[in-house]
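Numbering starts at 1 and runs along the sequence shown. No hydrogens, no waters, no symmetry mates; every other heavy atom, side chains included, goes into these values. This one's a predicted model, so the numbers in the text were calculated from it and none came from an experiment.
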Amino acid sequence: MATAAPLTPLGVAALSLLVEGPMHPYEMYQLLMARHEDRLVKVRPGTLYHAVGRLEGQGLVSATGTDREGNRPERTTYEISEAGREALTLRLQDMLANPVNEYPSFPLAVSEAYNLPAGVVVELLDRRLKGLEGQLEFLAAAEERARMKGVDRKYWIDMEYQQTLLRAETGWIRSLQDQIGSGRLPW
């Protein structure tokens, strides 16, 4: 018997939404965007529809009905199946327990930065810092909004995690810039 491919990040997000209750893919997309989940998973309406179709083909979700409002296209509502709950549980357990090298581009750029002049590297890292600081501000504001709304912390711990990583990265970049600028790291 062939085994199903592991759930993609978008598949995990879709199943997680369906744990909350039945919904149609466009509603799922709107909810993902309203929650700013696009900072965690690459999502577009078309890719979400395809992901839900694959989940249905694997028996992880099932259609519960189709409705139409006015001149809008028909919308099929889906619910998570028991197999979907089990697949989601197993995939989350695997993702939490097992570190995976996801091959981000920044470590590669750092490893090859010696190909650029020191001043250029420092300037480019300044630009990166501005972007990281913007992300930190966004996450801090989103966390504060969640707190003010009384949203249980378990629903937004990813924001704490991301802020911790961003702070570590900004600290490391500032240290590198200082080492290059002071000559402690010969370029």
Following the transitive rule for hydrophobic clusters with a side-chain heavy-atom cut-off under 4.5 Å over Ile, Leu, Val, Met, Phe, Trp and Tyr, establish whether Val41 and Trp156 coincide in one cluster. no

Judged by atom type as modelled, is there a donor-acceptor pair below 3.5 Å linking the side chain of Thr77 to the main-chain atoms of Thr64? no

Counting only N and O atoms by type, is there a donor-acceptor contact under 3.5 Å from the side chain of Thr170 to the main-chain atoms of Leu166? yes

May I have all residue pairs that pass salt bridge (charged side-chain N to carboxylate O under 4.0 Å, His left out) and include part of residues 48-65, sequence neighbours excluded? none

Distance-only criterion, 3.5 Å: show the donor-acceptor pairs between side-chain atoms of residues 85-92 and protein atoms not counting sequence neighbours.
{"unit_1": "Thr89", "atom_1": "OG1", "unit_2": "Arg85", "atom_2": "O", "d": "2.9"}
{"unit_1": "Arg91", "atom_1": "NE", "unit_2": "Leu7", "atom_2": "O", "d": "3.0"}
{"unit_1": "Arg91", "atom_1": "NH1", "unit_2": "Asp94", "atom_2": "OD2", "d": "2.9"}

Selection residues 39-52 - residue pairs positive for salt bridge (charged side-chain N to carboxylate O under 4.0 Å, His left out), sequence neighbours left out: Arg39-Asp158

Provide the full list of side chain to side chain donor-acceptor pair (under 3.5 Å) pairs with a residue in residues 8-25, sequence neighbours left out, each pair given once. Glu20-Arg35

Which pairs pass ring pair (Phe, Tyr, Trp, His ring centres under 6.0 Å) with one or both residues in residues 25-47, sequence neighbours excluded? His36-Phe138

Show, in sequence, the C-alpha distance, side-chain angles and deciding distance for Leu32 and Asp38, and conclude whether the side chain to side chain contact (heavy atoms under 4.5 Å, CB included) test is met. CA-CA 7 Å; Leu32 287 169; Asp38 56 324; over 6 Å; no

Filter on side chain to side chain donor-acceptor pair (under 3.5 Å), then keep only pairs touching residues 144-154, sequence neighbours left out; what's left? Glu143-Arg147, Arg153-Glu160

Quick one: which residue pairs count as a salt bridge (charged side-chain N to carboxylate O under 4.0 Å, His left out) with a foot in residues 105-128, not counting sequence neighbours? Arg128-Glu169

Which residues pass the salt bridge (Lys or Arg N to Asp or Glu O under 4.0 Å) test with Glu102, sequence neighbours left out? none

Please name all residues satisfying salt bridge (Lys or Arg N to Asp or Glu O under 4.0 Å) with Arg184, sequence neighbours left out, ordered by chain then number. Asp178

Go through the steps for Met28 and Leu31 under the test side chain to side chain contact (heavy atoms under 4.5 Å, CB included), then give the verdict. CA-CA 5 Å; Met28 295 164 71; Leu31 197 51; 5.8 Å; no

Thr76 side chain to Ala63 backbone, donor-acceptor under 3.5 Å: no

ILVMFWY cluster, Met33 and Leu40 together (side-chain gap under 4.5 Å): no

In this structure, CG of Leu136 is separated from CG of Leu139 (nearest 0.5 Å) by 6.5 Å

Residue pairs fulfilling ring pair (Phe, Tyr, Trp, His ring centres under 6.0 Å) with at least one residue in residues 168-187, sequence neighbours excluded: none

For Met148, the rest of its hydrophobic cluster, which grows through side-chain links under 4.5 angstrom: none

Under a 4.5 Å side-chain heavy-atom rule over Ile, Leu, Val, Met, Phe, Trp and Tyr, are Leu10 and Val19 clustered together? yes

Do you know which two heavy atoms are closest between Ser81 and Gly59, and how far apart they sit? OG-O, 2.7 Å

Could you pull out all residues at least two apart from Gln179 that satisfy side chain to side chain donor-acceptor pair (under 3.5 Å)? Ser175

Should Met95 and Ile80 be regarded as members of a common hydrophobic cluster, given that ILVMFWY residues are connected when their side-chain heavy atoms come within less than 4.5 Å of each other, either directly or indirectly? yes

Joint cluster assignment, Leu185 & Val122, ILVMFWY side-chain distance < 4.5 Å: yes

For Glu79 and Leu18, what are the C-alpha separation, side-chain angles and deciding distance, and is it a side chain to side chain contact (heavy atoms under 4.5 Å, CB included)? CA-CA 6 Å; Glu79 67 182 359; Leu18 292 175; 5.8 Å; no

